[in-house]
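Letters A, B, ... are given to chains in the order of the sequence lines, protein chains preceding strands, and every chain is numbered from 1. None of these values were measured; they are calculated from a predicted model.
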Protein chains: 2
Amino acid sequence: MGMENVSGSSGRRVKRAGIRDVARLAGVAPMTVSRALSFPHRVSIETREKIAAAIAATGYIPNRVASNLSSNQTMTIGAVIPTLRNSIAADFTEGFSRALKARGYHLLLGNSDFIPEGEETIVAEFLARRVDGVYLTGATHTAKTRKMLRDNAIPTVEIASLPEDPIDMAVGFSNFDAAYEVTRMLAEQGYRRVALFTTFTKDNERQVERQAGYRAAVRDFGLDTDPRFVAELEMDLKAAGRQLRVLVGERPDVDALFCTGDFIAAGALFEAQRLGIRVPDDLAIAGFEGLEIAENLNPSLTTVRIPRFEIGSRAGTMLLDRIAGKDVEQRVVDMGFEIIKRGSTATPATLRRETAS
Amino acid sequence: MGMENVSGSSGRRVKRAGIRDVARLAGVAPMTVSRALSFPHRVSIETREKIAAAIAATGYIPNRVASNLSSNQTMTIGAVIPTLRNSIAADFTEGFSRALKARGYHLLLGNSDFIPEGEETIVAEFLARRVDGVYLTGATHTAKTRKMLRDNAIPTVEIASLPEDPIDMAVGFSNFDAAYEVTRMLAEQGYRRVALFTTFTKDNERQVERQAGYRAAVRDFGLDTDPRFVAELEMDLKAAGRQLRVLVGERPDVDALFCTGDFIAAGALFEAQRLGIRVPDDLAIAGFEGLEIAENLNPSLTTVRIPRFEIGSRAGTMLLDRIAGKDVEQRVVDMGFEIIKRGSTATPATLRRETAS
DNA sequence: TTGTAGGCGTTATCAC
DNA sequence: GTGATAACGCCTACAA
């Protein structure tokens, strides 16, 4: 009958108008209604108006589920995010989401909780729902996830890293280089005992690479090494404070601390203030991510600015271009980073003197 | 032919196995395959195994779009969030999302950018996609949004406020009461000139109510009033710092500042430190939201803890219960709040003396 | 510019 | 326990 059955919150049954109802009321064929909605300019103005009236009269809402089935495209992108409670991932997604909206696509969201197997389950569900493309955070995925995506030839974009073997496309920056450069900067300012706080590296190649970049610079610039200089902790201000106490307890002579996240750095800075450790005079601190809070801290925090929003929106346009059949020239796009030097790593007077001698 | 045509990233065409292909290979009817997947216990073990083998052999991935059309349910909830770049909304969503996942539902996401008309567009698209339920942030919606949702009898939950006339259901807390209580607490500690920083109140009833709660308490407790005590600013640490300079320039005698967000409060606190204003001795500062950073600041920040995650997950279970046809006894659920008193509003010695005299 | 026919891949329904 | 049949509501393809 062209009417959908709907049982709603009130329990009553409602008949929902379908394209046939609209067509009948407008005195045209269903196909003409469909066209009037998809390609208005291919329908005469008169019929268009009759149809518009009929739509208004019936309260017709097109059924995209049926359209999707028939046209074999869902106008939907599936996105896997570790968690929303993390400004950087949220910013990537926000930029991505805007790019989609601009072109009529929608976002289906899944949380992986940093677990690759969780991601795998979500991707499988995305495929079943016939998403037109997939967005993955990071470059750490199970073999099965990669295989599913490739075998089904689903346009895919990986965010935040520069994988050597991308599933399909990737947009990000070099986590290794960024960490290397921060450490180099600290070395060049005269700091010799540079500690590192990262978040967990398990199944998180961004943290792994940042740690690797740090280690490479420590080696290249002959900085002091000590296993106690490196710590992995949860993404938590308090954990950072706790770890700072451990660090200065074990190595009171540490002169700089590089944190691979601005909140970690903020937590360490706050704890330093409580311990009476002067920043940067007694201890320099550098962060990562370039969050808003970094420039507002006292002292303001040296950090690495990541073009978060831009990475997300670039990923969106790349993915949609590929879906539209355009050739994507570059499959892995490096959006770069920028080190922002601020007060928290200013070379203290004492070091300046030593260095000059 | 039971095969889907798929054109993927490589441009080649792939024939995707359908339920008929699996059925043929397993020597059963398509319906039996469908049942084996939906209600395994209604199919004999033998057939089940044959089907499993056939599925593995064909690489069959069920087409949920077709299922959705046929079964008239999408197992999808549409959620409208103002923006992800805001920890509190992200936390609500995270809790909500987990509740959905536990029951096999998925989340379709839309950003409204705090614009009710943007929300309206998104909701219309959600309806077209036949979501089984809708999640809205806040209680400020256009008349058309409300009408669409009600006319179509879509289970809906509004988050973060306690609307008097909910579209359907709501989970949140009293923003008015929370702000009132914070202001009362400041008044009882002896502060008389209490300023307020909120974010924009346009189309945001949460901020409107917090401001109203503040004003009511100012009146009830006879605090000093001055239009210059109240400011609306963007959700930005730097804007908070800027506004603090304005405030102390105009009213150097202000003795307390209530910010309706912890980041605003942090921005004000950092600026106070730079200006040499002692907190709480010269100026008390209170925040809102109970973010992690609050307890780590120096001094630690008095704030209002909102059960963010719990609000989200409760909203999820309520919505799914209603979709499942269960009666939802309480349509508006107040999840409460808790004022956490910390160092930033400790009664300073000077005030204690005055009060005692 | 408009219409007809057929099918998209699955599940509801009822029969066996 | 299993299967045949008929939708689900729209769009592709082709015809007029």
Side-chain angles (χ1 to χ4, degrees), chain A residues 1-7 14-24 26-51 54-55 58-75 127-130 132 152, chain B residues 1-7 13-24 26-51 54-55 58-75 127-130 132:
Chain A
M1 285 294 323
M3 286 285 205
E4 288 179 68
N5 257 317
V6 176
S7 69
V14 185
K15 279 286 183 185
R16 196 177 250 158
I19 202 169
R20 292 142 177 253
D21 303 295
V22 176
R24 198 180 311 130
V28 298
M31 195 54 236
T32 305
V33 176
S34 173
R35 252 190 302 256
L37 291 171
S38 306
F39 312 97
H41 61 282
R42 289 194 190 173
V43 172
S44 77
I45 297 206
E46 298 173 342
T47 15
R48 225 186 294 166
E49 284 170 350
K50 276 189 294 185
I51 289 172
I55 286 176
T58 54
Y60 170 66
I61 300 176
N63 185 332
R64 299 279 180 238
V65 179
S67 323
N68 295 345
L69 177 62
S70 187
S71 67
N72 199 33
Q73 55 169 353
T74 55
M75 302 299 283
L127 293 186
R129 288 173 172 248
R130 299 298 189 264
D132 295 333
N152 289 282
Chain B
M1 283 293 326
M3 288 283 203
E4 287 180 68
N5 257 318
V6 176
S7 67
R13 285 209 170 263
V14 186
K15 280 285 184 185
R16 197 177 250 158
I19 201 168
R20 291 144 177 252
D21 303 293
V22 175
R24 198 179 310 130
V28 299
M31 195 55 234
T32 306
V33 176
S34 174
R35 249 191 305 257
L37 291 170
S38 306
F39 312 96
H41 61 281
R42 290 193 189 172
V43 172
S44 78
I45 296 207
E46 298 173 342
T47 17
R48 226 186 292 166
E49 284 169 351
K50 277 189 294 185
I51 289 171
I55 286 176
T58 54
Y60 170 66
I61 301 177
N63 185 331
R64 298 279 180 238
V65 179
S67 318
N68 295 345
L69 178 62
S70 186
S71 66
N72 198 33
Q73 56 168 350
T74 55
M75 303 299 282
L127 293 186
R129 288 173 173 247
R130 300 297 190 264
D132 295 332

K.L.:
Can you tell me if B:Thr74 uses its side chain to pair, donor with acceptor, with the backbone of B:Arg130 under 3.5 Å?
P.N.:
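Yes; judged by distance alone, with no hydrogens or angles, the pair exists.
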K.L.:
Is the closest side-chain heavy-atom distance between B:Ile55 and B:Leu37 below 4.5 Å?
P.N.:
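When only atoms from C-beta onward are counted, B:Leu37 and B:Ile55 do touch, with a gap below 4.5 Å.
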K.L.:
My understanding is that only residues two or more places apart in sequence, or in another chain, count here; which of them pass side chain to side chain contact (heavy atoms under 4.5 Å, CB included) with B:Ser70?
P.N.:
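For B:Ser70, no residue satisfies side chain to side chain contact (heavy atoms under 4.5 Å, CB included) once neighbours in sequence are set aside.
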K.L.:
Scan B:Val28 against the nucleic acid and name what it touches under 4.0 Å (heavy atoms): base, sugar-phosphate only, or nothing.
P.N.:
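Result for B:Val28 = sugar-phosphate.
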K.L.:
Between the axis at one end of the helix from C:dT1-D:dA16 to C:dC16-D:dG1 and the axis at the other (five pairs apiece), what's the angle to 10 degrees?
P.N.:
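The end-segment axes of the helix from C:dT1-D:dA16 to C:dC16-D:dG1 are tilted 20° relative to each other.
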K.L.:
Taking NZ from B:Lys50 and C1' from D:dG1, how many angstroms apart are they, rounded to a whole number?
P.N.:
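These atoms are roughly 12 Å apart.
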K.L.:
Round to the nearest Å and state the distance from A:Asn63 atom CG to D:dC8 atom P.
P.N.:
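After rounding, the gap between these two atoms is 11 Å.
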K.L.:
Grab the CZ-C1' distance between B:Arg24 and C:dG9 for me, whole Å please.
P.N.:
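For the pair B:Arg24 CZ and C:dG9 C1', the rounded distance is 13 Å.
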K.L.:
To the nearest Å, how far apart are B:Ile51 CD1 and D:dG1 C1'?
P.N.:
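Those two atoms, CD1 and C1', are 11 Å apart.
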K.L.:
Taking all atoms of both residues into account, what is the closest heavy-atom pair of A:Ala36 and A:Ile51, and its distance?
P.N.:
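Closest approach of A:Ala36 to A:Ile51: CB-CD1, 3.7 Å.
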K.L.:
Name all pairs fulfilling the salt bridge (charged side-chain N to carboxylate O under 4.0 Å, His left out) condition that reach into residues 61-75 of chain A, sequence neighbours left out, sorted by first residue then second.
P.N.:
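The answer is A:Arg64-B:Glu125.
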K.L.:
Here's a test for you: under side-chain contact (heavy atoms from CB on, under 4.5 Å), which of A:Val43, A:Thr47, A:Val22 qualifies with A:Val33?
P.N.:
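In the set A:Val43, A:Thr47, A:Val22, the residue that makes a side-chain contact (heavy atoms from CB on, under 4.5 Å) with A:Val33 is A:Val22.
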K.L.:
When the distance from CD1 of B:Ile61 to P of C:dG9 is rounded to whole Å, what number comes out?
P.N.:
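Answer to the nearest Å: 13 Å.
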K.L.:
For a quick test of reading the model, state the closest non-hydrogen atom pair linking A:Ala29 to A:Ala23 and the distance between them.
P.N.:
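What the structure gives for the nearest pair is C-CB, 3.7 Å.
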K.L.:
Go through the structure and list residues passing side chain to side chain contact (heavy atoms under 4.5 Å, CB included) with A:Glu49, not counting sequence neighbours.
P.N.:
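Partners of A:Glu49 by the side chain to side chain contact (heavy atoms under 4.5 Å, CB included) criterion, ordered by chain and then number, come out as A:Ile45.
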K.L.:
Rounded to the nearest angstrom, tell me the gap between atom CZ in A:Arg16 and atom P in D:dC8.
P.N.:
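From A:Arg16 CZ to D:dC8 P: 14 Å.
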K.L.:
Could you run down nucleotides 11-16 of chain C 5' to 3' and tag each one B, S or - for protein heavy-atom contact under 4.0 Å?
P.N.:
BBB---
K.L.:
So, is B:Ser44 near the phosphate of D:dT2, with a side-chain N or O under 4.0 Å from OP1 or OP2?
P.N.:
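Answer is yes, contact under 4.0 Å.
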K.L.:
Does anything in residues 27-43 of chain B form a salt bridge (charged side-chain N to carboxylate O under 4.0 Å, His left out)? List the pairs, not counting sequence neighbours.
P.N.:
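Salt bridge (charged side-chain N to carboxylate O under 4.0 Å, His left out) check on residues 27-43 of chain B returns no pairs.
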K.L.:
From CG of A:Asn72 over to P of C:dT10, roughly how many Å is that when rounded to an integer?
P.N.:
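Whole-Å distance recorded here is 12 Å.
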K.L.:
Between P on C:dC8 and CZ on A:Arg129, what's the gap in Å once rounded to a whole number?
P.N.:
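To the nearest whole Å, that distance equals 23 Å.
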